[in-house]
Amino acid sequence: MSPASTLSIGAHVDQTDPIAEAQARGMGLVQFFLGDPQGYKGPEVRYAGGAAALRADAEAAGIDLYVHAPYIINVATTNNRIRIPSRKLLKQHMDAAAEIGAKGLIVHGGHVNKADDPAVGFENWRKAVEATDLKVPLLIENTAGGENAMTRYLERISGVFAAIESTEGADMVGFCLDTCHAHAGGNALETVVADVLAITGRIDLVHCNDSRDEFDSGADRHANIGAGRIDPDLLAAVVREAGAPVVLETPGGADEHVADAASLRSRL
């Protein structure tokens, strides 16, 4: 069978009824937030019937669920007022993701302050993993901007994963590769899959997004497939090489996501 027919492609959707959102797109997987992506308030399951019903209904419908942790989480920082609540929020979202039967919890790599040694951020990542009961895979995502980011540059990603390697839950820590973030972060898409695999040994999920901005711009602005600055064939090559489930985080609703998925599949 061809990669186009076997690869699971989904989209980021509203969390109120992710199953209906998946079905509206004819997709077998969806990603969503559980609560406010920009706030420290804990996770909230808005699905009618709560977490247990969402888990049961998703299983019955054959739909895989992925949870994206709030953007505000930064477990790497040396700022206690951010790191400590971030760690708490990560734990809460891990527990909530497990309750709904999610296949993974995606979290951004965070960053350290300008004057900080990146090694402190790597160590803080190790402590965060050790402090969290990883009930589902924790998928660390590469990010687009910031000189002090933990997962923009390959050498920083290497530092994070080297620090985590020694923890008890290391086998439950995976990687989410975002194509827009890689492009905007200055990582060549032609080699990024091989580069990441050489560091992490795994890619568990691909966020397949075009970019509105130029290579190495540091800007995190997603575009629909073929509407941005990345060659759609190159996006397909990344997806093919990674061989992992795909989430589209592209603009629009069901119609746009269906079109993006069709465009991607036609190139696989």
- Query: Does the ring center of His12 lie less than 6.0 Å from the ring center of Tyr66?
  - Reply: no

- Message: Is there a side chain to side chain contact (heavy atoms under 4.5 Å, CB included) between Glu44 and Phe33? Walk through the geometry before answering.
- Response: CA-CA 9 Å; Glu44 177 191 357; Phe33 294 111; over 6 Å; no

Find out if a path of hydrophobic residues (ILVMFWY) with successive side-chain heavy-atom gaps under 4.5 Å connects [X] to [Y].
| X | Y | value |
| --- | --- | --- |
| Leu29 | Val107 | no |
| Phe215 | Ile157 | no |
| Leu235 | Leu268 | yes |
| Leu197 | Leu139 | no |
| Ile140 | Val247 | no |

Is there a donor-acceptor pair under 3.5 Å between the side chain of [X] and the backbone N or O of [Y]?
| X | Y | value |
| --- | --- | --- |
| Arg267 | Ala237 | no |
| His111 | Ala76 | no |
| Trp125 | Gly109 | yes |
| Arg221 | Asp213 | no |
| Gln15 | Arg46 | yes |
| His222 | Glu249 | yes |

- Do the rings of His68 and His108 sit parallel, tilted or perpendicular, given the 30° and 60° boundaries? perpendicular

Supply the atom-to-atom distance [X] [atom1] to [Y] [atom2], rounded to the nearest 0.5 angstrom.
| X | Y | atom1 | atom2 | answer |
| --- | --- | --- | --- | --- |
| Glu241 | Thr191 | CD | OG1 | 8.5 Å |
| Ile19 | Glu21 | CD1 | CD | 11.0 Å |
| Leu90 | Leu105 | CG | CG | 6.0 Å |
| Ile73 | Gln92 | CD1 | CD | 9.0 Å |
| Glu141 | Asp204 | CD | CG | 12.5 Å |
| Ile82 | Ile72 | CD1 | CD1 | 8.0 Å |

On a heavy-atom basis, which atom in [X] and which in [Y] lie closest, and how many Å separate them?
| X | Y | value |
| --- | --- | --- |
| Arg83 | Asn80 | NH2-OD1, 2.7 Å |
| Leu248 | Met27 | CD1-CE, 4.2 Å |
| Thr77 | Asn79 | OG1-N, 3.1 Å |
| Glu147 | Arg156 | O-NH1, 3.4 Å |
| Leu34 | Ala97 | CD1-N, 4.4 Å |
| Gly174 | Phe161 | O-CZ, 3.5 Å |

Are any non-hydrogen side-chain atoms of [X] and [Y] less than 4.5 angstrom apart?
| X | Y | value |
| --- | --- | --- |
| Leu264 | Cys208 | yes |
| Asp195 | Asn187 | no |
| Leu138 | Met94 | yes |
| Ile106 | His207 | yes |
| Val112 | Met150 | yes |
| Leu234 | Thr179 | no |
| Asn113 | Asn148 | no |
| Tyr153 | Ser158 | no |

- Out of Asp260, Asn209, Asp210, which one pairs with Asn224 under the side-chain hydrogen bond (donor to acceptor under 3.5 Å, both in side chains) rule? Asp260

- Note on the structure: The side-chain hydrogen bond (donor to acceptor under 3.5 Å, both in side chains) partner of His181 among Asp220, Asn142, Thr151 is Asp220

- Under the side chain to side chain contact (heavy atoms under 4.5 Å, CB included) criterion, do Phe32 and Ile100 qualify, and how do the steps go? CA-CA 12 Å; Phe32 45 89; Ile100 66 166; 3.7 Å; yes

- Run through Leu205, Val13, Val67 and flag the one making a side chain to side chain contact (heavy atoms under 4.5 Å, CB included) with Gln31. Leu205

Do the side chains of [X] and [Y] get close enough for a salt bridge, i.e. N-O under 4.0 angstrom?
| X | Y | result |
| --- | --- | --- |
| Asp216 | Arg152 | yes |
| Glu130 | Lys127 | no |
| Asp36 | Lys41 | no |

- Query: Does atom CD of Glu168 have more than 12 heavy-atom neighbours from other groups under 6.0 Å away?
  - Reply: no

- Item | Residues Leu65, Val30; criterion side chain to side chain contact (heavy atoms under 4.5 Å, CB included); working and verdict | CA-CA 5 Å; Leu65 309 177; Val30 282; 3.9 Å; yes

- Stepwise, does the side chain to side chain contact (heavy atoms under 4.5 Å, CB included) test hold for Thr132 with Lys91? CA-CA 6 Å; Thr132 308; Lys91 290 178 187 177; 3.9 Å; yes

Donor-acceptor contacts, no H, no angles, side chain residues 47-59, under 3.5 Å, sequence neighbours left out:
residue : atom : partner : partner atom : Å
Tyr47   : OH   : Asp57   : OD2          : 2.7
Arg55   : NH1  : Ala98   : O            : 2.9

